[in-house]
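What follows is a set of notes on a single structure, which appears directly below.
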Amino acid sequence: MRGSAFFQRAFRTFQAHPTFFKLLVVSTVSGGGLLTFSDASPFQGLITESSQNEGKKKKVVVLGTGWAGTSFLKNLKSSSYDVQVVSPNNFFAFTPLLPSVTNGTVEARSIVEPIRNIVKKKPYNVEFKEAECYKIDPVNKKVYCRSNQSSTLDGIEEFTVDYDVLILTMGARVNTFNTPGVEEHAHFLKEVGDAQRLRKSIIDCYERASLPSVSEEEKKRVMHFVVVGGGPTGVEYAAELHDLAFDDMAKLYPSAKDYLKITLLEAGDHILNMFDKRITTFATEKFQRDGIDVKTGSMVIKVSDKDISTKERKTGEIVSVPYGVVLWSTGIDTRPVVRDFMNHIGQAKRRVLATDEWLRVEGCEDVYALGDCATINQRKVMEDIAAIFRKADKTNTGTLDLKDFKEVVGHICERYPQVELYLQKNKLQSFDALLKNAQGDDKKQIDIETFKKALSEVDSQMKSLPPTAQVAAQQGEYLAKCFNRKEFCEKNPEGPLRFRASGRHQFHPFRYRHFGQFAPLGGEQTAAQLPGDWVSIGHSAQWLWYSVYASKQVSWRTRMLVISDWSRKFIFGRDSSKI
């Protein structure tokens, strides 16, 4: 019995640690000498040709490691793909905190996570190449790339990458509106490097203004900080700069604080025009109390190395004022490589790369586009109105009752989201109510003309999605889930009905869910606009901002670093060193 128990324990141990026992046996047989052995199964090499074909994986190439690209990589769980990532940045950056990097509240390394750390434990094969894509060949399914490493290395390397599926998540560049001097003299705030350069320039201005040999006029010039653009980025940066100046720099540079001036220029009628009017009014009044000069209706026409020229919209007067630092934050524009790709696929006349509701690039097979580099070209209801009516009219009578639409109502609302928006705006309870309004009191049957009348104004509710991190992240997650379910949905389509053809779409179309937006206004006060027309302004919204931004960090490492940076600011103040 004891011998039997011993061998049972030995057998279980062998199953748990087979390599150790193989080494023990080999060592014993060889008299303690060193031998090599293979731990491979004798049947590993017996792979049939059919199984090799079955195991062939599609090569997915992802261009970019921003919000959309990283969200796709994080949520992709299928092992059916070989993924190659090409990006000039080998990290993901939490861009909403870039304004905090400019004033030392948060360090740059606290908001970045190496992309290899994000994908290293994924079930799919993935390779990363630090390079910039400069050309896309959709005909031969190739992307042309060049390395962007330091010029001290041995030249620039160029290479091509083949793909079966291409995912464009390259983001966008800053829109300068071809204003003279902007590219040469203004700062931007799109990348981590932009924030670091801006931070250095601010400290340079303080140091120069503290020199005894600098004239009074020069001190006034270098201490004049101008922000162009009254959107969320421009407003938050102006608020962060004000906090830095009065909370920290005034103590460190007492001789320079009297020359400080912050100006916010906005071409429109008011700042934060995408927010609720209550937030816009509060932000304007707070900036006025803080001494930030807000000038609306002021369009920049030229930027030189020391002066910025503006044209007042109401009077037409042109004013030129000296400045020390200019931040340009006025929207986004298409990158040259994406523009060249658009010319090749017949989208030359469009301002932004267009996709359908499934994020597939229009006019090009096996290419998807997500985030700021593309926009969804939502199909209009009136383009398919006859096909929708025929789909509901199964008996081909030409007239329908309300009950005949029951089978297609859900598919209509899913395929054309503007229908639901129209119902909400006009406070209609259901699609039936929309049809009844067009039907009137006399008709009992609905013909094609009545149906057209009911839906004639629905397409007026079509809106483009905002170019935000929230949209890009949701698109990346959506596309990854589609890829995860692709094999299943090829056999079991789960999308809405095809009104111009038979069957159903393979997937549900992408739908954006808005979870709210923040506008930090300085002084530990933030404006929050959440779904349901809920608006909160003040210190409580600031703590909500802290909690949301901490929870949205891509890893526990960056989450802890950001929280520690915030804690350090409260205890020791912001870092004003120039490194």
Side-chain angles (χ1 to χ4, degrees), residues 273-274 276 347 350-352 354-360 362 374-468 471 474-475 478 493-515 531-533:
N273 55 15
M274 69 292 298
D276 188 275
Q347 293 194 27
R350 295 192 61 90
R351 187 178 62 87
V352 186
T355 71
D356 63 11
E357 298 88 335
W358 291 267
L359 308 183
R360 301 172 298 199
E362 294 184 346
T375 185
I376 296 176
N377 187 21
Q378 176 62 51
R379 191 167 180 84
K380 295 180 180 179
V381 174
M382 297 305 294
E383 293 177 351
D384 298 331
I385 193 74
I388 296 172
F389 190 86
R390 286 195 300 270
K391 187 70 72 170
D393 186 12
K394 295 183 178 180
T395 57
N396 296 322
T397 60
T399 57
L400 299 172
D401 291 322
L402 292 177
K403 63 181 181 180
D404 294 324
F405 285 97
K406 288 185 178 180
E407 293 186 11
V408 297
V409 167
H411 299 281
I412 293 172
C413 293
E414 183 178 11
R415 184 68 178 83
Y416 310 97
Q418 59 266 39
V419 174
E420 286 190 0
L421 295 175
Y422 183 83
L423 295 176
Q424 294 173 6
K425 182 180 179 180
N426 292 274
K427 298 180 180 180
L428 297 172
Q429 296 295 323
S430 63
F431 191 80
D432 288 354
L434 177 65
L435 296 177
K436 287 178 181 178
N437 284 353
Q439 189 178 20
D441 299 330
D442 300 331
K443 292 185 178 180
K444 292 184 179 180
Q445 297 286 317
I446 300 172
D447 57 17
I448 183 64
E449 295 303 321
T450 305
F451 192 51
K452 288 181 179 179
K453 179 181 177 183
L455 300 177
S456 60
E457 298 181 4
V458 166
D459 289 327
S460 63
Q461 299 302 307
M462 295 173 59
K463 296 180 180 179
S464 298
L465 296 177
T468 62
V471 172
Q474 290 186 31
Q475 288 180 338
Y478 162 81
E494 59 185 15
L497 287 173
R498 297 178 182 270
F499 290 110
R500 289 181 172 270
S502 60
R504 304 176 64 148
H505 289 278
Q506 192 171 348
F507 303 106
H508 296 290
F510 172 74
R511 288 292 173 266
Y512 169 62
R513 292 186 62 193
H514 185 62
F515 294 107
D533 196 32

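Here the structure is a predicted model, which is why all the values come from computation and not from measurement.
- Residues passing the side chain to side chain donor-acceptor pair (under 3.5 Å) test with His505, sequence neighbours excluded: none.
- When every heavy atom of Arg513 is checked against every heavy atom of Gln474, the shortest pair comes out as O-NE2, 2.6 Å.
- Under the 30°/60° scheme for interplanar angles, the aromatic rings of Phe451 and Phe389 are found to be tilted.
- Two residues are said to be in side-chain contact when any heavy atoms from C-beta on lie closer than 4.5 Å; Asp404 and Ile446 fail this criterion.
- Between Ile388 and Val381, some side-chain heavy-atom pair lies under the 4.5 Å cut-off.
- Atom CD of Gln418 and atom NZ of Lys463 lie 12.0 Å apart (nearest 0.5 Å).
- Qualifying side chain to side chain donor-acceptor pair (under 3.5 Å) partners for Glu414, counting only residues two or more places apart in sequence or in other chains: His508.
- Between Val419 and Cys413, the closest heavy-atom pair is CG1-SG, 4.1 Å.
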Tell me, with the steps shown, if Phe405 and Val408 meet side chain to side chain contact (heavy atoms under 4.5 Å, CB included). CA-CA 5 Å; Phe405 285 97; Val408 297; 4.2 Å; yes
Could you go through the side chain to side chain contact (heavy atoms under 4.5 Å, CB included) check for Arg504 and Glu494 one step at a time? CA-CA 7 Å; Arg504 304 176 64 148; Glu494 59 185 15; 5.7 Å; no
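- Among pairs with a residue in residues 379-397, those fulfilling salt bridge (Lys or Arg N to Asp or Glu O under 4.0 Å) read Arg379-Glu383, Arg379-Asp384, Asp384-Arg500, Lys394-Glu407, at least two apart in sequence or across chains.
- Closest of all the heavy-atom pairs between Leu423 and Ser430 is CD2-O, 3.7 Å.
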Let me see the working for Arg350 and Asn377 under side chain to side chain contact (heavy atoms under 4.5 Å, CB included), right down to the final yes or no. CA-CA 11 Å; Arg350 295 192 61 90; Asn377 187 21; 4.2 Å; yes
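- Gln445 approaches Thr399 most closely through the heavy-atom pair OE1-OG1, 3.5 Å.
- Note that OH of Tyr416 is 8.5 Å distant from CD1 of Ile385, once rounded to the nearest 0.5 Å.
- Side-chain contact check for Asn437 versus Asn426: every heavy-atom pair is 4.5 Å or farther apart.
- In terms of heavy atoms, Asp356 sits closest to Ile376 at O-CG2, 3.7 Å.
- Side-chain contact check for Gln461 versus Gln424: every heavy-atom pair is 4.5 Å or farther apart.
- With contacts defined as side-chain heavy-atom distances shorter than 4.5 Å, the pair Phe510/Thr355 does not qualify.
- Within the model, atoms CZ of Arg415 and CG of Leu497 stand 11.0 Å from one another, a figure rounded to the nearest 0.5 Å.
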May I have the step-by-step check of side chain to side chain contact (heavy atoms under 4.5 Å, CB included) for Lys425 and Glu420, ending in yes or no? CA-CA 9 Å; Lys425 182 180 179 180; Glu420 286 190 0; over 6 Å; no
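- Side chains of Pro466 and Met274 form no contact here, defined as non-hydrogen atoms less than 4.5 Å apart.
- Using a 4.5 Å heavy-atom threshold, the side chains of Ile412 and Phe431 count as touching.
- In this structure, the side chains of Leu455 and Leu434 come closer than 4.5 Å at one or more pairs of heavy atoms.
- Scanning all heavy atoms of the two residues, the minimum distance from Pro496 to His411 falls at CA-ND1, 3.4 Å.
- One distance of note links CD of Gln347 with CZ of Arg351; it measures 13.0 Å at 0.5 Å rounding.
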